[in-house]
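This report refers to the structure that appears directly beneath it.
Fair warning: this is a prediction, and the values are worked out from it, not measured in the lab. Counting convention: from 1, in listed order, for ligands and their atoms alike.
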Amino acid sequence: MRAQVLLCPTITAYGRLYCAPRRLHRYNSSSSSSQFLNLNLSRFSGALFFHMEVCSLARNLCFSLFSTHKQFQSGTGSSGKRGMVENLKRYGVISSKRVAQVMEALDRGLFVPVGSSAYVDTPVPIGYNATISAPHMHATCLQLLEDKLHPGMRALDVGSGTGYLTGCFALMVGAEGRVVGVDHIPELVDMSIKNIEKSVAASFLKKGSLSLHVGDGRKGWQEFAPYDAIHVGAAASEIPQPLLDQLKPGGRMVIPLGTYFQELKVIDKNEDGSIKVHTETSVRYVPLTSRVEQLGGF
Ligand code: SAH
């Protein structure tokens with residue numbers, strides 16, 4: 001099959017907005033199970049050539065268009081929130097009932113800056129050169145980590161930003177579990193605590209099974225290690241050793257790796273301590289870096 005799809009001028013990836021080509025060529029979708037798509041970016045940035053997974057990118061594009069339309073139809077509030085989750089399910093980003101339930105329960109509207117689009121599939125700037133990730137990336141990471149987020153389990157969210165995903169983790173592991181969020185911008189950590197306090201995850205913060213800390217996430221958070229699930233919300237140039245050390249045998253880490261070209265890596269630690277890595281998809285995140293680097297020019 002060969003098809004040409006017209007796109008909107010802006011693709012929402014993760015962490016940042018970037019311009020997209022207006023035309024996208026899809027090649028022979030039946031030729032491989034991973035269904036790769038060649039995305040010719042030369043129209044706007046020289047001769048760059050990206051490969052991204054069709055099932056991730058095209059789905060997200062459709063979802064972006066659809067959810068924008070939907071939001072205009074339904075406005076914000078619970079109907080927008082339900083519509084967002086319904087669309088993520090429709091386009092196959094969410095396949096599990098628990099992930100759907102948690103993303104519907106934790107209102108993204110409480111985590112985005114006032115006046116911004118809470119339920120549209122786009123990252124939103126939150127200040128300090130950071131963004132709240134797009135709903136499809138939150139959903140993707142929750143899906144990838146779902147098996148390590150059962151009641152009683154432990155999770156670490158590095159680069160916790162607004163606290164949205166940290167709050168989702170807390171709802172999934174429950175009061176008997178332990179969730180730690182770490183971000184190196186104190187103002188963002190304060191904001192994430194206020195966001196959580198307004199949300200259905202507030203009781204976990206109050207009772208202490210969820211905590212948010214200021215720190216360099218590249219060092220992890222030793223106090224509650226080892227973790228069943230580690231999520232890194234910013235792109236590292238290499239996997240930080242402390243995070244590998246703090247991953248429980250049988251645990252899973254999801255981390256974007258790379259600088260300009262980035263891939264979402266899924267790292268499973270086997271019971272014998274050995275590591276298995278696979279690439280989930282191409283992504284675009286803000287860098288996992290030092291505070292000074294991040295705030296440069298801010
Ligand atoms: N996942 C979050 C935020 C994603 S943006 C959300 O959706 O709300 C990436 C976040 O990583 C930013 O908040 C940034 O401040 C943080 N960050 C970048 N480098 C870091 C580091 N070395 N240690 C801790 N946090 C870091």
(request) Check for a donor-acceptor pair, side chain of D121 on one end and backbone N or O of H136 on the other, with a separation under 3.5 Å. (result) yes

(message) Only heavy atoms of P287, strictly under 4.0 Å: list the atoms of ligand 1 that pass.
(response) 18 (C), 19 (N)

(request) Give the atoms of ligand 1, by number and element, whose distance to some non-hydrogen atom of G233 is under 4.0 Å. (result) 4 (C), 5 (S), 9 (C)

(message) For atom 2 (C) of ligand 1, which of the options G159, S192, A234 provides the nearest non-hydrogen atom?
(response) G159

(request) Report yes or no: does G215 have a heavy atom closer than 4.0 Å to ligand 1? (result) yes

(request) Mark up the atoms of ligand 1 that fall under 4.0 Å of a heavy atom belonging to L188, in ascending order. (result) 13 (O), 15 (O)

(message) So, taking the atom named CG in N129 and the one named CZ in R291, what distance separates them when rounded to the nearest 0.5 Å?
(response) 14.0 Å

(request) Could you tell me whether the side chain of E280 and the main chain of V266 form a donor-acceptor pair under 3.5 Å? (result) no

(request) Mind checking the CD1-OG1 spacing from I126 to T162? Nearest 0.5 Å is all I need. (result) 5.5 Å

(request) Pull out every atom of ligand 1 sitting under 4.0 Å from any heavy atom of T289, numbered as shown with elements. (result) 19 (N), 20 (C), 21 (C), 22 (N)

(message) Please determine whether any non-hydrogen atom of L288 lies less than 4.0 Å from an atom of ligand 1.
(response) yes

(message) So for H138, does at least one of its heavy atoms come nearer than 4.0 angstrom to any atom of ligand 1?
(response) yes

(request) Apply the test side chain to side chain donor-acceptor pair (under 3.5 Å) to residues S96 and E146: give CA-CA distance (whole Å), side-chain angles for both, the deciding distance (0.1 Å), then the verdict. (result) CA-CA 8 Å; S96 116; E146 194 205 351; 3.2 Å; yes

(request) Return yes when S290 approaches ligand 1 closer than 4.0 angstrom through a heavy atom, no otherwise. (result) no

(message) Please check: side-chain N/O of T131 versus main-chain N/O of S133, any donor-acceptor pairing under 3.5 Å?
(response) no

(message) Are any of the N/O atoms on Y164, whether in the backbone or the side chain, positioned under 3.5 angstrom from an N/O atom of ligand 1?
(response) no

(message) Closer than 4.0 Å to some heavy atom of A130 - which atoms of ligand 1 meet that?
(response) 12 (C), 13 (O)

(message) Please list, in number order, the atoms of ligand 1 under 4.0 Å from a heavy atom of Q294.
(response) 14 (C), 15 (O), 17 (N), 18 (C), 19 (N)

(message) With a cutoff of 4.0 Å, is I185 in contact with ligand 1, counting heavy atoms of the residue only?
(response) yes

(request) Identify, by atom number and element, the atoms of ligand 1 in contact range of V286, meaning under 4.0 Å from any of its heavy atoms. (result) 5 (S), 9 (C)

(request) With sequence neighbours excluded, give me every ring-ring contact (aromatic ring centres under 6.0 Å, His included) pair touching residues 183-216. (result) H213-W221

(message) If the cut-off is 4.0 Å to any non-hydrogen atom of T162, which atoms of ligand 1 fall inside it?
(response) 6 (C), 8 (O)

For residues 175-182, please give each side-chain donor-acceptor pair under 3.5 Å, one per line with the distance, not counting sequence neighbours.
residue, atom, partner, partner atom, Å
R178, NE, G208, O, 3.4
R178, NH1, S209, O, 3.4
R178, NH1, S211, OG, 3.2
R178, NH2, G208, O, 3.3
R178, NH2, S211, OG, 3.4

(message) Testing the 3.5 Å rule here: is there a donor-acceptor pair between the side chains of D107 and Y119?
(response) yes

